[in-house]
There are 2 protein chains.
Amino acid sequence: MVKVRRNKVEQPPEVCPLGECMSLISGAWSPHVIWYLRDGPRRFSELRGDIKGVSAKVLTARLRQLERDGVLIRREVDSSPPTVEYSLSELGAELRPAIAAIVDVGHRLKQRR
Amino acid sequence: MVKVRRNKVEQPPEVCPLGECMSLISGAWSPHVIWYLRDGPRRFSELRGDIKGVSAKVLTARLRQLERDGVLIRREVDSSPPTVEYSLSELGAELRPAIAAIVDVGHRLKQRR
DNA sequence: TATTCGGGTTACCTGCAGGTAACCGCATGC
DNA sequence: GCATGCGGTTACCTGCAGGTAACCCGAATA
């Protein structure tokens, strides 16, 4: 009994711009991180304070992922106690208008109710 | 041994505009639905064709959720065979600029690589 | 000496979004 | 008489994001 070789017909990858961008900013916390970094670098504990309700674990996970994705840059500052500074990369900066548009709509949604 | 009653201190709800808006457009498929409805009503099978890779089940689920959230309007058209037409509500229309901004960034992300 | 702060890590658990596959009723067309 | 298109529904399974709680080290501070 020979197994059928199911030649998965490879769709041309054809990356969707919407999906591409959403994969960077989706999730409950990523947009918040980008938003609070919009005006310059912030430290871990500052972000924890900025973003109401996020836990250290989840914030760490999001920061690591955004770093892997090239959205932000992590820099250890040699102070005492040593601190860590996060800032948007060039790519991250490109995401700002999208987040800003979402925040903008969010404000208008609050207005209308 | 009396159990401590831990009065969960109720934070003032203080809805975050970013979270508010993200809850409407998050998920892998919701933004696509809104995007393809941007220029007017579409039928179920049209949306299935527009949005590459979505299954009937998931598309139904997203459409139902977006309807519950007041983002779009479902209208059964009395034709033969009967068809169903989805269109953006007023609230849904407010989301367009946000999605447009995301798509726009997505395009620029493709450019830069 | 003990505590705090900064920036995490680890273990464990939950829920929900999404994926596949099969099936549905109805009306029309071949 | 049978298949096709339309707009779904149902069952079952998977993976990942997120939540809680406890714990970590080293330096500075009370």
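These numbers were taken from a predicted model, which means no experiment stands behind them. We name chains A, B, ... by the order of the sequence lines, and we start the count at 1 in each one.
- At D/dC6, none of the side-chain N or O atoms of B/Thr83 fall inside 4.0 Å of OP1 or OP2 (strictly under the cut-off).
- When heavy atoms are screened at a 4.0 angstrom cut-off, B/Ser45 is found touching the sugar-phosphate backbone but no base atom.
- For the residue pair A/Val105 and B/Ala98, the shortest heavy atom distance occurs at CG2-CB, 4.0 Å.
- A salt bridge does not link B/Glu94 to B/Arg96: none of the charged nitrogens lies less than 4.0 Å from a carboxylate oxygen.
- As rounded to whole Å, 13 Å separates atom P of C/dG7 from atom CG of A/Asp50.
- Using a 4.0 Å cutoff on non-hydrogen atoms, the parts of residues 25-33 of chain B near DNA chain C are B/Gly27, B/Ala28, B/Trp29, ordered by number.
- The nearest pair of heavy atoms linking A/Ser26 to A/Ser23 is OG-O, 4.0 Å.
- The aromatic rings of B/Tyr36 and B/His32 sit parallel, their planes meeting at an angle under 30°, below the 60° perpendicular limit.
- The separation between A/Met22 atom CE and D/dA17 atom C1' is 14 Å, rounded to whole Å.
- Going from atom CG of A/Leu59 over to atom OH of A/Tyr86 covers 7.5 Å, rounded to the nearest 0.5 Å.
- Shown here are the side-chain contact (heavy atoms from CB on, under 4.5 Å) partners of B/Ala56, two or more places apart in sequence or in another chain: B/Phe44, B/Arg48.
- Atom-to-atom distance recorded for A/Arg75:CZ and A/Thr83:OG1 is 8.5 Å, nearest 0.5 angstrom.
- Distances from the side chain of B/Arg43 to the nucleotides D/dG7, C/dG8, D/dG18 place D/dG7 closest.
- Residue-level contact check: A/Arg48 touches neither bases nor backbone, having no heavy atom under 4.0 Å from any strand.
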N/O to N/O distances under 3.5 Å, protein versus nucleotides 11-15 of chain C:
none

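- If you take CG on A/Leu66 and OG on A/Ser30, they are separated by 4.5 Å, rounding to the nearest 0.5 Å.
- Phosphate contact (OP1/OP2 of D/dG8, side-chain N/O of B/Tyr86, threshold under 4.0 Å): present.
- In this entry the distance linking CD of B/Glu85 with P of D/dG8 reads 12 Å, nearest Å.
- To the nearest angstrom, C1' of C/dT9 lies 14 Å from CG of A/Leu63.
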- Expected string for nucleotides 22-30 of chain C under the B/S/- scheme (protein heavy atoms, under 4.0 Å, primed atoms plus P, OP1, OP2 as sugar-phosphate) is -----SS--
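- Salt-bridge check for A/Arg43 with A/Glu85: failed, with every basic side-chain N at 4.0 Å or more from each acidic carboxylate O.
- Atom CG in A/Leu59 sits roughly 11 Å away from atom P in D/dG19 (whole-Å rounding).
- Here D/dA27 presents its P atom at 15 Å from CD of A/Glu76, a figure rounded to the nearest Å.
- With D/dA17, C/dT9, D/dG7 as the candidates, the nucleotide lying closest to the side chain of B/Phe44 is D/dG7.
- A close approach under 4.0 Å does not occur between any side-chain nitrogen or oxygen of B/Arg74 and OP1 or OP2 of D/dG7.
- With sequence neighbours left out, the side-chain contact (heavy atoms from CB on, under 4.5 Å) criterion links A/Arg42 to A/Leu37, A/Glu46, A/Leu47, A/Asp50.
- With rounding to whole Å, A/Arg75 atom CZ is found 19 Å from C/dG8 atom C1'.
- Side-chain atoms of A/Thr60 lie closest to C/dG8 of the nucleotides C/dT20, D/dG8, C/dG8.
- Atom pair B/Glu46:CD and D/dG7:C1' shows a separation of 13 Å (rounding to whole Å applied).
- Applying the salt bridge (charged side-chain N to carboxylate O under 4.0 Å, His left out) test to every pair with at least one member in residues 22-39 of chain B, sequence neighbours left out, gives no pairs at all.
- Here B/Leu109 contributes atom CG and A/Leu91 contributes atom CG; the two are 5.5 Å apart, rounded to the nearest 0.5 Å.
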